[in-house]
Each structure stands twice: as C-alpha cells, then as structure tokens.
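Notes follow once the structure below has been shown.
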Amino acid sequence: MAQMLIGGEWVGSRSGNSIEVLNPATGEPVDTAPRATAEDAREAIDAAHQAFGVWSEWTQAKRADVLRSAVGLIRLHQKELAVLLTKEQGKPLREAALEILRYAHTIEYYAGLGKNIRGGYIPQIDENKYGLIIKRPLGGVGAIVTRNFPVSLMGNKIGPALLAGNTMVIKPAETTPLADLRVVGLFLEAGLPKGALNVVTGQGSIVGEEIVTNPKVRKIGFTGSTEVGRRVMASAAQGIKRVTLELGGSDPMIVCNDADIDEAVKAAATGRFFNCGQACLAIKRLYLFDSIADDFIAKLVGRAKKLRVGNGMAEGTMIGPLHSANQRDEVESQVQDAIDRGARVLAGGERLRGGDYDRGYFYAPTLLADVPEDARVATEEVFGPALPIFRVKTLDEAIEKANDSIFGLGSSIWTNDLNRATRAAERIEAGYTWINSAQVIYDELPFGGFKQSGLGKEHGTEALDYYTETKSVVVATK
C-alpha cells in the first residue's frame, strides 16, 4: 500500500482505512492509498507550519538548487512514473511520459527564477525618508489537484510556492494519488527539509475541507471543476484566504476561410481528443466559416475515425479510456441531449463495446453537427471526447458566439489575416488565445481564466505574485 507523506515521514491514516486505486482501462486494482482523516490533514498542516521557519530562511538560490536536483531525479525515473500514471489515470503511455516531462520543465523553469524575486526601493519618498517594497512568502499553503493531469497540475503549484519560500500540503485526487506521492518523494531525496512538502490522500469533503478552512493555511491553489471551485472559494473566504482557481472551460476554436485547413484540422483533432478530451484547456466548440466547413469537416471526420482507442499500456493506443464510469455517463448524457435536440452524429456518438472495451470506460471520439446553441454540449463543459461543430458567416459572428459562455479559459483562431487575428486576440474573452497554433501551454506565459473559468494566474513570473506578500516600509534617515 502507498503511504502519505507528513512531516518527512511515510505514514498511513490514523483510521487504518484505505482507498483502492483502479485502472480505468481494466477495472483492476493498481494499489491502495490511505483514506486520511481530518486529524491527519491537521498534522500535515502543522508540519508545514513548523517547516516554514526553516525553508523560508533558505536563500532563493539554495531553494532553487533543491528544485533542480528534484528535476534530475524526476527525469531519471521518468519511465517508471509514466507507467504508474498510465495505470491509475488511463491515458496512453506516450501522453503520460509527456506529462512527466511537462512537470519537470515547470519545476526547472521556477528553479531558473531562483534570484528573480525582487522587492523595490523608492528614494526620497519624503524629506529625509525612503521607501522599501519587501516580498515575503505567505507561509503554509494548500494545493488541491484533480485527476486529469495529476502530476503536471501539481507542479504548477509546487514550483512557484516552494521557490517563494512557502511550505505546502497537497491533496491529490482520490483516484490518482500514486504518481503524485512518488514524485513528491523525490523532493525529499533532493534535499527538501522535512515538512516542507506534505501529501495527504483521501476525500475532498474531509481532507480538502480541512486544508481550505484551517487558519494555518494561508493560500489555496485549486484545479478542478467550476462547481467545486465555487465551494472552495466560499469556504476560503471565511478565513480571507488567497485563492488561485483554475476551473472549467469550453474553449472555442475559430477557423476562417483563409486558414491553413490541414494544419487547423490537426490542431482540432489533437486539441479535442488529447487525454480522451479530459482537459479544462481543450477545444470544446468549433466554429467554421461556411465556405470551408464541408472540406474541414470531411478531413476532421477522417482523422477521428482513425484514432485507435484502447488500454493506455498497449502499443499503438492513441486514446485511452475516460477516467471513471461517472465521467463516461456524463459525456453520454451530454451527447444524447444534443441528438435529442436534432444534432447529427458525424463520428462516434457511443461507448465502445466488446472484448477488452467492456472492462474499462471507453467512448468513441465523437463529432456532432447541426447542434442547437442551447444544447448541453454547447453550454456546459464537456470533459470527454465529444466536439460540437457550428457554421458561421463572419468573424464577428464567431467571436460573439465564442463569448456566449460562462467560461473563458482558452481559445484559438486560424487565419492568415493579421487584422482578423488581432481582432480575435483582443475581443475573445479568454485567458489564452492561440493564433494558428495548437493549444500548448508555456511556462513562460501566465495562465488563468476569465469569467467562471477561474481567478489568479499560474505559470510565468506572475505566479510568484500569488505566493508572496508585498510589504511597504518607510525608513527615516534623520
């Protein structure tokens, strides 16, 4: 059985209870993890609180050295970590390896900023006085991550939090704790002080709630659904805690009549079906100019039908299963709602059956046309491999429809017209816009949603602002 990390020690739950982690492709057990109690979570929070006095006094350069050492160990164990991630999450082994590399790159990026947390100096702020701006870490902070990219999403929080001098308590998703535990353990091997990183596994209603409400936790970094994000924000507000929320999305992709169709088709297929469509940042609504729609759809349907769905550990698998039976049921319900409202199925539209498919949570890559704009696939986040397609006549119409959503996470436009591209970049209500580019996140750029897709920024130097306090000091010289 896997164990939790509290105060630098590997431990079980006080209750003695455990969670069984299942392989979504087979339904078979992968391992078990402790089902922690609120007391376990409090112990981890106390450990982080105590370790803060040590870790926060280390120089930035010394903290960065630990991050670099951890990156080296992560790369050394990349294959082992990818296999573990595939077994517990379901994604193809190739995608799991990419996630481990993404995590390593994020930690390495923040290690590279080891001397870049700076304050300020204001001379002659008044007669015989000058001002200072001091940056200080917050203290013990909490991180709650979801199941679709459990390792890389955790890295988005660990990197800036640790570099800034904070200590952490992390709660992985109940169904994907194993790779997170293994990765965090490598930080101990890299020289991180005991208690600076703690991982507590268990239910969100118990462990997550304790982390969000405990007064010793100064900030919450959360990635998950908008619905749960609202509850996290409400609970954190009771203690006036800082929050960074990376929530749901329904990213629009606009393809104009002057676009490179073949490249846009590739981007649409990857952007919708990567990780079996289980990504907050993914193409979830496709808007095509009328004149190119038929050609584009024919090519996209051809690609969708060639995608090989199967066990993530099997050679040649391009799409794994959905992560849970409930998630597959939700996608089925959303697709059926569109069909009931008159949508046409161009590809997929059903779960895969027979043989090994019956053991896991498999669903065919799905494309839908003639979708009413009030259908659930258009108004809700679709966390699975289903994409509604809409026809538009002008860019203004496409932007208006793209913005007609409670979400505003990512977006993309394909056009060879600079004026069109600029107009879309300025007017689309989303935290990220790709122009003639696949949806790839870069650590160098800040990432965060508009509207109900979240608050605050991850990635970039901007993320450090959410893990530091800014203090003003006035010094009289006479």
Side-chain angles (χ1 to χ4, degrees), residues 2-12 34 36 39-77 81 103-104 106-117 134-145 151 154-172 177 179-201 207 210-211 214-221 463-464 466-469:
Q3 292 185 304
M4 302 182 293
L5 182 63
I6 299 178
E9 304 296 331
W10 295 102
V11 298
E39 289 77 12
D40 292 321
R42 281 194 287 273
E43 183 181 351
I45 292 166
D46 289 342
H49 185 71
Q50 184 174 356
F52 176 69
V54 176
W55 179 246
S56 63
E57 293 301 317
W58 285 26
T59 65
Q60 292 180 40
K62 189 176 178 182
R63 294 196 293 260
D65 285 343
V66 172
L67 298 187
R68 288 192 191 91
S69 295
V71 169
L73 291 172
I74 290 160
R75 289 188 169 136
L76 184 65
H77 294 279
L81 292 168
Y103 174 88
T106 297
I107 302 301
E108 187 173 50
Y109 170 77
Y110 284 103
L113 298 179
K115 296 184 179 180
N116 285 4
I117 301 177
I134 296 176
K135 294 284 189 178
R136 291 291 299 165
L138 301 174
V141 301
I144 301 174
V145 296
V151 177
M154 183 175 66
N156 294 347
K157 297 156 182 59
I158 287 178
L162 287 185
L163 180 66
N166 302 283
T167 53
M168 300 190 76
V169 178
I170 300 164
K171 194 206 98 58
D180 283 352
L181 287 166
R182 183 72 181 97
V183 164
V184 168
L186 295 176
F187 274 88
L188 278 185
E189 296 181 30
L192 191 74
K194 290 184 176 182
L197 264 184
N198 305 271
V199 185
V200 186
T201 57
V207 176
E210 180 63 32
I211 293 172
N214 191 296
K216 291 182 179 178
V217 178
R218 300 290 303 280
K219 179 251 169 70
I220 302 296
L464 295 169
Y466 295 90
Y467 287 96
T468 53
E469 294 276 17

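A quick note: this is a predicted structure, and the numbers were derived from the prediction, not measured.
Within 6.0 Å of atom CD in Gln60, more than 12 heavy atoms from other residues, nucleotides or ligands are found, so the atom counts as buried in its surroundings. Under a cut-off of 6.0 angstrom, the local environment of NE2 in His77 is crowded, with over 12 non-hydrogen atoms contributed by other residues, nucleotides or ligands.
Taking the ring centre of Tyr466 as origin, the terminal cationic atom of Lys219 falls outside the region bounded by 6.0 Å and 45° from the ring axis.
Of the possible polar contacts, one joining the Thr201 side chain to the Pro34 backbone as a donor-acceptor pair under 3.5 Å is found. In this structure, Arg218 contributes its side chain and Leu138 its backbone to a donor-acceptor pair below 3.5 Å. Distance alone, capped at 3.5 Å, is enough to place a donor-acceptor pair between the Trp55 side chain and the Asn166 backbone. Without hydrogens or angle criteria, Thr167 side chain to Ala196 main chain gives no donor-acceptor distance under 3.5 Å.
For residues 181-199, the pairs satisfying side chain to side chain donor-acceptor pair (under 3.5 Å) are Glu9-Lys194, Glu80-Arg182, with sequence neighbours left out.
Side-chain contact check for Gln3 versus Val11: every heavy-atom pair is 4.5 Å or farther apart. With contacts defined as side-chain heavy-atom distances shorter than 4.5 Å, the pair Asn116/Leu464 does not qualify.
Nearest heavy atom pair, residue Pro172 against residue Asp180, reads CB-OD2, 3.4 Å. Closest approach of Ala48 and Val169 over heavy atoms only: CB-CG2, 3.9 Å. The two residues Tyr110 and Ala463 have their closest heavy-atom pair at OH-CB, 3.3 Å. Taking all atoms of both residues into account, the shortest heavy-atom contact from Val200 to Ala44 is CG2-CB, 3.4 Å. For Ile107 against Gly155, the heavy-atom pair with the smallest separation is CD1-O, 3.9 Å. In terms of heavy-atom proximity, Trp58 sits nearest to Gly191 at CH2-O, 3.7 Å.
Residue Leu197 holds its CG atom at 5.0 Å from CG of Leu192, rounded to the nearest 0.5 Å. Separating the CZ atom in Arg63 from the NZ atom in Lys115 is a distance of 13.0 Å, to the nearest 0.5 Å. Met154 contributes atom CE, which lies 11.0 Å from atom OG1 of Thr106 (distance to the nearest 0.5 angstrom).
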Evaluate Trp10 against Met4 for side-chain contact (heavy atoms from CB on, under 4.5 Å), listing each step before the verdict.
CA-CA 5 Å; Trp10 295 102; Met4 302 182 293; 6.0 Å; no

Pair Lys171, Val207 - check side-chain contact (heavy atoms from CB on, under 4.5 Å), show working. CA-CA 7 Å; Lys171 194 206 98 58; Val207 176; 3.6 Å; yes

**Item:** Stepwise side-chain contact (heavy atoms from CB on, under 4.5 Å) test for Ile170 and Ile144
**Value:** CA-CA 6 Å; Ile170 300 164; Ile144 301 174; over 6 Å; no

| task | Decide side-chain contact (heavy atoms from CB on, under 4.5 Å) for Leu81 and Val151; before the verdict, give the C-alpha distance in whole Å, the side-chain angles of both, and the deciding distance to 0.1 Å. | result | CA-CA 10 Å; Leu81 292 168; Val151 177; over 6 Å; no

Using distance only, find each side-chain donor-acceptor pair of residues 157-165 under 3.5 Å and give its atom names and separation, not counting sequence neighbours.
{"unit_1": "Lys157", "atom_1": "NZ", "unit_2": "Leu153", "atom_2": "O", "d": "3.3"}
{"unit_1": "Lys157", "atom_1": "NZ", "unit_2": "Thr223", "atom_2": "OG1", "d": "2.7"}
{"unit_1": "Lys157", "atom_1": "NZ", "unit_2": "Glu458", "atom_2": "OE2", "d": "2.9"}

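Electrostatic pairing of Arg68 and Asp65 counts as a salt bridge here, judged by a charged N lying under 4.0 Å from a carboxylate O. The pair Glu210-Arg42 meets the salt-bridge criterion, with a side-chain N (NZ, NE, NH1 or NH2) lying under 4.0 Å from an Asp/Glu carboxylate O. Ionic pairing of Glu108 and Arg75 is present here: one or more N-O contacts between side-chain nitrogen and carboxylate oxygen are shorter than 4.0 angstrom.
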